Amino acid sequence: MMKPKGFIFDYGGTIDTRGCHWGKMIWHAYQRVGMPVSEAEFRDAYVYAERTLGRNPIIQSSYTFHKTLEVKLRIQMEYLSDRHLLDTAPARWVESVLADLYEKVCVTVAESREVLASLAARYPLVLVSNFYGNIDVVLDEFQLTGLFRSVIESAVVGVRKPDPAIFSLGVKALGLPAGDVVVVGDSYTKDILPASKAGCRTVWIKGEGWTDESYDETLPERVISQLPSLLDIY
């Protein structure tokens, strides 16, 4: 296997959840705190919140991840409350789920930070993320600032995954041929497929997906279950 000369990393689901889809992350937190809703009801609320945030500039560039997650949860809870599915005020549930999730994210990102720092000492790294315009604040919040040569954020560049063009921007930022770049991501459809179309090599962090759909695991160069496994490969 040819040694890469640079890496592109996804953020959400890759650096902060060990490959678990964020919808599943939130659902498991719902379960842990005893939310009185079914998974189907949660899924409706999750999709509603994501579409609401996609259509409206609710997340501000100054928002931390903690604040961003709070906003997401509040929209979900209000959706569920409006349908008379909650037995108490939404704010109580937001507080409980937020505390549960944020603690877990902090542990995971700390683990990821060590991996990224080790790789950054040997390779140039670029971040490519579908985010809301506040990724720099989030990186600072989790002490990840300075690890990436460049940050390509969808809300800033006007291109979103799964468009391969956003990965081409990452390749350009590295100043390397696409074939010398390894893209690391958790989403097969938003990371692995478009990065491959952009000419990059790929490593898929295969965690718990939003669906049970199966994919061609021969396309990525490697399939791993956690970020630290990268240090055993490169």
Side-chain angles (χ1 to χ4, degrees), residues 4 6-28 43 46-55 59 65 68-69 72 101 105 108-109 112 115-116 125-136 138-139 142 144 148 150-174 178-179 181-227 229-230:
F7 285 84
I8 292 173
F9 281 87
D10 167 55
Y11 183 77
T14 297
I15 291 173
D16 57 3
T17 75
R18 297 190 183 99
C20 182
H21 187 281
W22 257 103
K24 283 291 190 177
M25 281 288 291
I26 297 173
W27 167 241
H28 292 321
R43 281 176 170 263
Y46 177 83
V47 170
Y48 171 80
E50 292 304 303
R51 288 176 177 171
T52 298
L53 291 171
R55 289 192 300 264
I59 305 298
F65 182 75
T68 301
L69 186 54
K72 285 176 178 275
L101 277 172
V105 166
T108 302
V109 174
S112 298
V115 176
L116 294 168
L125 311 182
V126 164
L127 189 74
V128 171
S129 177
N130 283 355
F131 226 76
Y132 303 100
N134 61 325
I135 192 68
D136 287 336
V138 172
L139 294 178
F142 291 120
L144 298 171
F148 300 101
S150 183
V151 175
I152 312 296
E153 184 179 9
S154 60
V156 175
V157 300
V159 183
R160 288 181 60 83
K161 303 173 189 180
D163 189 335
I166 196 168
F167 289 103
S168 296
L169 291 174
V171 170
K172 183 178 180 181
L174 285 169
V181 176
V182 169
V183 173
V184 182
D186 71 296
S187 173
Y188 193 92
T189 56
K190 293 182 179 179
D191 296 317
I192 305 308
L193 280 178
S196 297
K197 289 178 182 177
C200 299
R201 297 152 60 186
T202 59
V203 171
W204 182 26
I205 301 182
K206 184 183 178 184
E208 187 177 8
W210 184 237
T211 70
D212 294 328
E213 187 172 354
S214 59
Y215 300 100
D216 178 9
E217 295 189 15
T218 65
L219 178 61
E221 184 167 279
R222 292 292 182 94
V223 179
I224 60 178
S225 61
Q226 57 181 346
L227 209 61
S229 297
L230 286 176

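Atoms considered below: every heavy atom in the structure, side chains included; atoms not considered: hydrogens, waters and symmetry mates. Remember, predicted model here, so these are calculated numbers, not experimental data.
- For Tyr48, the OH atom is loosely surrounded, since the number of other residues' heavy atoms within 6.0 Å does not exceed 12.
- The CD1 atom of Ile26 sits 10.0 Å away from the SG atom of Cys20 when rounded to the nearest 0.5 Å.
- Distance check: Tyr46 OH to Trp27 CH2 gives 14.5 Å after rounding to the nearest 0.5 Å.
- Residues Phe9 and Leu144 are not in side-chain contact: their nearest non-hydrogen atoms beyond the backbone lie 4.5 Å or more apart.
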Side chain to side chain contact (heavy atoms under 4.5 Å, CB included) between Phe142 and Ile15, worked out:
CA-CA 11 Å; Phe142 291 120; Ile15 291 173; over 6 Å; no

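- Using modelled atom types, no side-chain atom of Tyr188 and backbone atom of Lys206 make a donor-acceptor pair closer than 3.5 Å.
- Here Ser150 contributes atom OG and Leu169 contributes atom CG; the two are 9.0 Å apart, rounded to the nearest 0.5 Å.
- Summarising the geometry, atom CG belonging to Leu53 is positioned 9.0 Å from atom OG1 belonging to Thr68; distances are rounded to the nearest 0.5 Å.
- Side-chain atoms of Thr14 come within 3.5 Å of backbone N or O of Asp186 as a donor-acceptor pair.
- The two residues Pro164 and Ala198 have their closest heavy-atom pair at O-CB, 3.9 Å.
- To the nearest 0.5 Å, atom CZ of residue Arg18 and atom CE of residue Met25 are 8.5 Å apart.
- Summarising the geometry, atom CD1 belonging to Ile135 is positioned 12.0 Å from atom CD1 belonging to Ile152; distances are rounded to the nearest 0.5 Å.
- Heavy-atom minimum distance, Gly185 versus Asp191: CA-OD2, 3.5 Å.
- Of all heavy-atom pairs spanning Thr202 and Ser196, the tightest one is CG2-OG, 3.7 Å.
- Nearest heavy-atom pair, Ser154 versus Asn130, reported as atom, atom and distance to 0.1 Å: OG-CA, 3.1 Å.
- Using a 4.5 Å heavy-atom cutoff, the side chains of Leu227 and Val184 are in contact.
- Put simply, the side chain of Asp16 reaches to within 4.5 Å of the side chain of Trp22, judged on heavy atoms.
- Pro4 pairs in a side chain to side chain contact (heavy atoms under 4.5 Å, CB included) with only one of the listed residues (Val182, Val203, Val181), which is Val182.
- Although no hydrogens or angles enter the test, the distance criterion places a donor-acceptor pair under 3.5 Å between the side chain of Glu153 and the main chain of Gly133.
- Comment: Lys190 does not engage Asp10 in a salt bridge, judged by the lack of any side-chain N to carboxylate O separation of less than 4.0 angstrom.
- Of the possible polar contacts, one joining the Lys161 side chain to the Val128 backbone as a donor-acceptor pair under 3.5 Å is found.
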Report the C-alpha separation of Val171 and Ile8 in whole Å, then their side-chain angles, then the decisive distance to 0.1 Å, and conclude whether the side chain to side chain contact (heavy atoms under 4.5 Å, CB included) test is met.
CA-CA 8 Å; Val171 170; Ile8 292 173; 4.1 Å; yes

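- Of the residues Asn134, Val109, Leu127, the one that meets the side chain to side chain contact (heavy atoms under 4.5 Å, CB included) test with Leu139 is Leu127.
- Minimum interatomic distance between Pro162 and Thr189 (heavy atoms only, all atoms of both residues): CB-O, 3.4 Å.
- The backbone N or O of Trp210 lies less than 3.5 Å from a partner atom in the side chain of Arg43, making a donor-acceptor pair.
- Looking at heavy atoms from C-beta onward, Leu193 lies out of side-chain contact with Tyr215 at the 4.5 angstrom threshold.
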